[in-house]
2 protein chains.
Amino acid sequence: MASDQTRSAILAAAERLYADRGFGDVTLRDIVAEANVNLAAVNYHFGSKDELIAELFVTRSIQTNRERLNELKAAEEKGGGRASIEDIMRALVGPTLRGCLGPDREGSTAARFMIRASIESVPPIRRIKNREVDHLRKFAAAMRRAMPGRDDAELYWGLHFALAMAHHTIREKERLLRLSEGKCDLDDVRAIIDRVVTVSVMALTMNDVPSKPALRPVVVHGRLTRQDL
Amino acid sequence: MASDQTRSAILAAAERLYADRGFGDVTLRDIVAEANVNLAAVNYHFGSKDELIAELFVTRSIQTNRERLNELKAAEEKGGGRASIEDIMRALVGPTLRGCLGPDREGSTAARFMIRASIESVPPIRRIKNREVDHLRKFAAAMRRAMPGRDDAELYWGLHFALAMAHHTIREKERLLRLSEGKCDLDDVRAIIDRVVTVSVMALTMNDVPSKPALRPVVVHGRLTRQDL
DNA sequence: GATAGTTTCATACAAATGTTTGAAAAGCAA
DNA sequence: TTGCTTTTCAAACATTTGTATGAAACTATC
């Protein structure tokens with residue numbers, strides 16, 4: 001069928017344009033011009049502009065989520081059913097960072113598209129992102145198995161901070177590059193993942209804190225003290 | 001002059017509407033209706049819609065930045081010219097978190113506006129945010145004084161991660177609340193600041209890493225080992 | 001090769017939106 | 001008041017945008 005051809009052309013053109021110029025700047029007319037198809041084709045094949053954007057985003061999200069879960073499963077098998085907290089963190093932030101960072105950024109339209117999606121936050125994407133919670137729960141469950149007895153809130157904060165560092169690095173990589181005047185190497189993805197994982201595990205294994213009183217900093221006079229888990 | 005009155009009414013109405021409904025959903029006609037002024041008044045007083053948004057954002061940014069620098073200066077005076085790394089981190093993330101989180105969120109239109117600005121990232125605001133680097137350099141300088149001899153890149157990564165945790169907590173507080181089923185207390189701002197500062201300082205004082213090889217995780221088998229600075 | 005279903009196309013539609021205009025109103029100094 | 005500037009106002013402008021339409025072209029099945 002030639003119809004699939006048109007569909008694919010639209011998807012590819014849209015992803016490329018959105019990746020390059022952002023959601024706000026790209027109109028349906030831009031997309032159909034890039035794809036060499038008729039204006040009406042978008043509504044015919046996707047129903048609406050928002051549904052086109054949604055399809056682009058879910059496709060890429062599913063890919064990332066699958067990678068994450070594969071890594072998680074591999075880590076669990078390696079550990080005989082129970083993955084280490086470090087491997088779990090690595091499975092959580094690795095795929096995203098590997099997909100969106102690195103020197104070969106120019107080749108990957110998908111990566112640049114996901115970065116845009118992370119920065120601009122347009123309605124159809126926001127709606128989908130809300131479902132991401134279910135996906136994250138699987139990681140929370142794995143973390144609970146890896147750190148039994150640990151307070152649940154601590155687990156969630158650790159998960160949250162890990163995502164914070166990963167996503168913020170993707171979102172603000174230009175700024176960090178400029179701020180550090182190139183001293184932070186944003187191309188060494190392996191090192192960045194190690195760094196994020198290390199800090200995340202540290203945050204998670206910090207000090208065991210009694211449930212009620214607020215977590216108190218364990219740092220005194222710029223010096224670090226801690227008790228093991 | 002009644003002109004200032006109109007100006008202020010527009011600013012107040014715009015901030016309220018943007019805070020409540022986001023930038024994408026609010027038109028100039030919505031704003032002038034809320035402010036009870038004429039449609040043309042916006043262009044007369046601000047030149048354009050984008051300049052109105054920009055003015056809103058710079059006003060609030062200046063406030064936050066001033067608070068940050070005040071805290072930083074206080075910390076430096078307290079330490080006799082050299083602030084501790086912990087106090088620096090606190091000055092960096094404290095004002096933002098205090099401004100945007102907490103149970104009295106309903107009262108503060110400004111806070112909700114800044115959260116929106118952090119989530120939606122509209123062009124006029126993006127342009128301004130680029131200038132934020134100069135502001136952050138002051139904190140980098142303070143950090144360098146607090147941790148002399150430390151590798152610059154490590155400093156920037158620490159600064160970057162601190163902002164990551166703070167901003168991501170603001171951006172995704174709804175998701176974290178839902179993910180943790182309320183177990184993470186997003187109202188206890190004091191505790192959140194402590195938590196972010198603690199992890200930030202940990203990340204900064206981690207292990208001293210030789211400059212060339214990539215930072216290697218110091219966590220082995222889910223167990224934490226570290227060497228002091 | 002006729003027919004039914006699918007896809008493409010040019011064009012039109014309709015609504016929204018930021019901006020401009022030119023006159024009226026208000027403020028203010030002489 | 002008079003004359004000037006500043007501000008307000010209703011209305012119109014000019015685009016841009018996503019979407020809908022109906023006919024034409026194409027495809028496949030019988």
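Keep in mind that the numbers below use all heavy atoms, side chains included, and drop hydrogens, waters and symmetry copies. Each chain gets a letter, A, B and so on, in the order the sequences are listed, and its residues count up from 1.
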Practice task
Examine distances only and state if a side-chain atom of A:Arg178 and a backbone atom of B:Val133 form a donor-acceptor pair shorter than 3.5 Å.
Solution key: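 No, A:Arg178 side chain to B:Val133 backbone: no donor-acceptor pair under 3.5 Å.
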For nucleotides 19-25 of chain C, print each protein N/O atom paired with a nucleotide N/O atom at under 3.5 Å, atom names and distance only.
| from | atom 1 | to | atom 2 | distance (Å) |
| --- | --- | --- | --- | --- |
| C:dT19 | OP2 | B:Asn43 | OD1 | 3.3 |
| C:dT19 | OP2 | B:Lys49 | N | 2.9 |

Exercise for the section: Using atom CZ of A:Phe23 as one end and atom P of D:dG18 as the other, report the distance to the nearest whole Å. Expected result: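 For the pair A:Phe23 CZ and D:dG18 P, the rounded distance is 13 Å.
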Problem - Nucleotide C:dT17, atom P - distance to CG of B:Leu52 in whole Å - result: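 Rounded to the whole Å, the gap is 16 Å.
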Side-chain atoms of residues 27-36 of chain A: list all donor-acceptor pairs with protein atoms under 3.5 Å, sequence neighbours left out, distances to 0.1 Å.
| from | atom 1 | to | atom 2 | distance (Å) |
| --- | --- | --- | --- | --- |
| A:Thr27 | OG1 | A:Arg29 | N | 3.2 |
| A:Thr27 | OG1 | A:Asp30 | N | 3.2 |
| A:Thr27 | OG1 | A:Asp30 | OD2 | 3.4 |
| A:Asp30 | OD2 | A:Arg21 | NH2 | 3.0 |
| A:Asp30 | OD2 | A:Thr27 | N | 3.1 |
| A:Glu34 | OE2 | A:Arg16 | NH1 | 2.5 |

Practice task
Look at the rings of A:Phe161 and A:Trp157 and say which category their plane angle falls in: under 30° parallel, 30 to 60° tilted, over 60° perpendicular.
Solution key: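 Ring orientation, 0 to 90° scale: tilted.
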Practice task
Please determine if B:Arg116 and B:Asp20 form a salt bridge, counting it only when a charged side-chain N lies under 4.0 Å from a carboxylate O.
Solution key: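 Answer for the salt bridge query: no.
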Problem - Donor-acceptor contact below 3.5 Å, side chain A:Arg68 vs main chain A:Ala91 - result: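 Side chain of A:Arg68 to backbone of A:Ala91: no pair is present.
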Handout entry: Atom-to-atom span, CG of A:Asp25 to C1' of D:dT15 - whole angstrom
Key =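 Computing the A:Asp25:CG to D:dT15:C1' distance gives 16 Å.
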Practice task
Respond yes when some side-chain nitrogen or oxygen of B:Thr6 is under 4.0 Å from OP1 or OP2 of D:dT7, and no when none is.
Solution key: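 No, outside the criterion.
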Exercise for the section: Give a yes/no on whether any side-chain N or O of B:His45 is located under 4.0 angstrom from OP1 or OP2 of D:dT8. Expected result: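 Yes, because at least one side-chain N or O of B:His45 sits under 4.0 Å from OP1 or OP2 of D:dT8.
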Exercise for the section: Quick one: which residue pairs count as a salt bridge (charged side-chain N to carboxylate O under 4.0 Å, His left out) with a foot in residues 36-48 of chain B, not counting sequence neighbours? Expected result: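 Residue pairs passing salt bridge (charged side-chain N to carboxylate O under 4.0 Å, His left out), neighbours aside: none found.
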Problem - Protein-nucleotide distance (A:Phe46, atom CZ; D:dT19, atom C1'), rounded to Å - result: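 So the CZ-C1' distance, A:Phe46 to D:dT19, works out to 16 Å.
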Problem - A:Asp4 CG to D:dA28 C1', straight-line distance once rounded to whole Å - result: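 Rounded to whole Å, this separation is 16 Å.
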